[in-house]
Colleague: 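Submitted below is the structure of interest, expressed as structure tokens.
Order of the sequence lines fixes the chain letters, A, B, ..., with proteins taken first and strands second; residue numbering starts at 1 for each chain. Note that these values count all heavy atoms, side chains included, but never hydrogens, waters or copies made by symmetry.
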Amino acid sequence: MQFLDDILAGRVVPGMNFNQKVWAMTVRIPAGKVATYGQVAKALGSPGAARAVGNALNKNPYAPRVPCHRVVGSTGSLTGFAGGLPKKQQLLIEEGVACAAHRVVMDRVEWVEL
DNA sequence: CAAATGACATTCT
DNA sequence: TAGAATGCCATTT
């Protein structure tokens, strides 16, 4: 609860729990772009923890302030979403992400600079 | 402290 | 190309 500002600011600070770091990184995903669970995990220094990232986003208590809908599977598949996959796809389209039937066009991940 | 769980990723059929 | 089988990590029981 004390890292709230950092999280919403997209600031990953040592001392935060894994999930909090995940949320912080998620905030740094520019609108119109998407990142894979694996990319987020790697950015946090834990390559292979993609699955754990999914768990964190699933429990994301700061939605929609934390754009968890910008995180997709490695193939660009719209894997899971608390509010329902259709909702997730809709949000992405709103932001201008090219979607094609439960699949988004993968693009190089560009973390927002602080 | 061991076992189970899940919004993943990779590889093999 | 689609579906099943394994491996992985952090969190929750």
Colleague: When you measure from the side chain of A:Q39 to the backbone of A:T36, do you find a donor-acceptor pair of N or O atoms at a distance under 3.5 Å?
Modeller: no
Colleague: Figure out the CZ/C1' separation between A:F18 and B:dC8, and round it to whole Å.
Modeller: 11 Å
Colleague: Counting distance only, does the side-chain N/O of A:W23 pair as donor-acceptor with the main-chain N or O of A:A63 below 3.5 Å?
Modeller: no
Colleague: A:Q20 has an atom CD; how far is it from atom C1' of C:dT11, in whole Å?
Modeller: 13 Å
Colleague: Of all the nucleotides listed (C:dC9, C:dT11, B:dA9), which has the minimum atom distance to the side chain of A:A52?
Modeller: C:dC9
Colleague: Where do A:V112 and A:I29 come nearest, in terms of heavy atoms and distance?
Modeller: CG2-C, 4.3 Å
Colleague: Do any side-chain nitrogens or oxygens of A:N19 fall under 4.0 Å of OP1 or OP2 in C:dT11?
Modeller: yes
Colleague: If the cut-off is 4.0 Å, is A:T79 near the phosphate of B:dA7, judged by side-chain N/O to OP1 or OP2?
Modeller: no
Colleague: Which whole-number value in Å describes the distance from A:R51 CZ to B:dA7 P?
Modeller: 9 Å
Colleague: Over all strands shown, is A:Y37 touching base, sugar-phosphate only, or nothing at heavy-atom distances under 4.0 angstrom?
Modeller: base
Colleague: By nearest atom, which of the nucleotides B:dA7, B:dA9, C:dC9 is closest to the A:A49 side chain?
Modeller: C:dC9
Colleague: Measure from the side-chain heavy atoms of A:A50 and tell me the nearest of B:dA9, C:dA10, B:dG6.
Modeller: B:dA9
Colleague: For the backbone of A:T79 and the side chain of A:K88, can you confirm whether one donor and one acceptor N or O come within less than 3.5 Å of each other?
Modeller: yes
Colleague: Examine B:dT10: is either OP1 or OP2 under 4.0 Å from a nitrogen or oxygen in the side chain of A:S74? Give yes or no.
Modeller: yes
Colleague: Measure the distance from CG on A:N55 to C1' on B:dC8 and round it to the nearest whole Å.
Modeller: 10 Å
Colleague: Without decimals, in angstroms, what is the distance between A:K42 NZ and B:dT10 P?
Modeller: 11 Å
Colleague: Using side-chain contact (heavy atoms from CB on, under 4.5 Å), reason through A:H69 and A:L92 one step at a time and then give a plain yes or no.
Modeller: CA-CA 7 Å; A:H69 58 275; A:L92 288 173; 3.9 Å; yes
Colleague: Does OP1 or OP2 of C:dT12 have a side-chain N or O of A:K59 closer than 4.0 Å?
Modeller: yes
Colleague: Could you tell me how far apart A:W23 (CH2) and C:dA10 (P) are, to the nearest whole angstrom?
Modeller: 15 Å
Colleague: Output the rounded distance in Å from CG (A:L44) to P (C:dT11).
Modeller: 11 Å
Colleague: With respect to the phosphate group of B:dA7, does any side-chain polar atom (N or O) of A:N58 fall under 4.0 Å of OP1 or OP2?
Modeller: yes
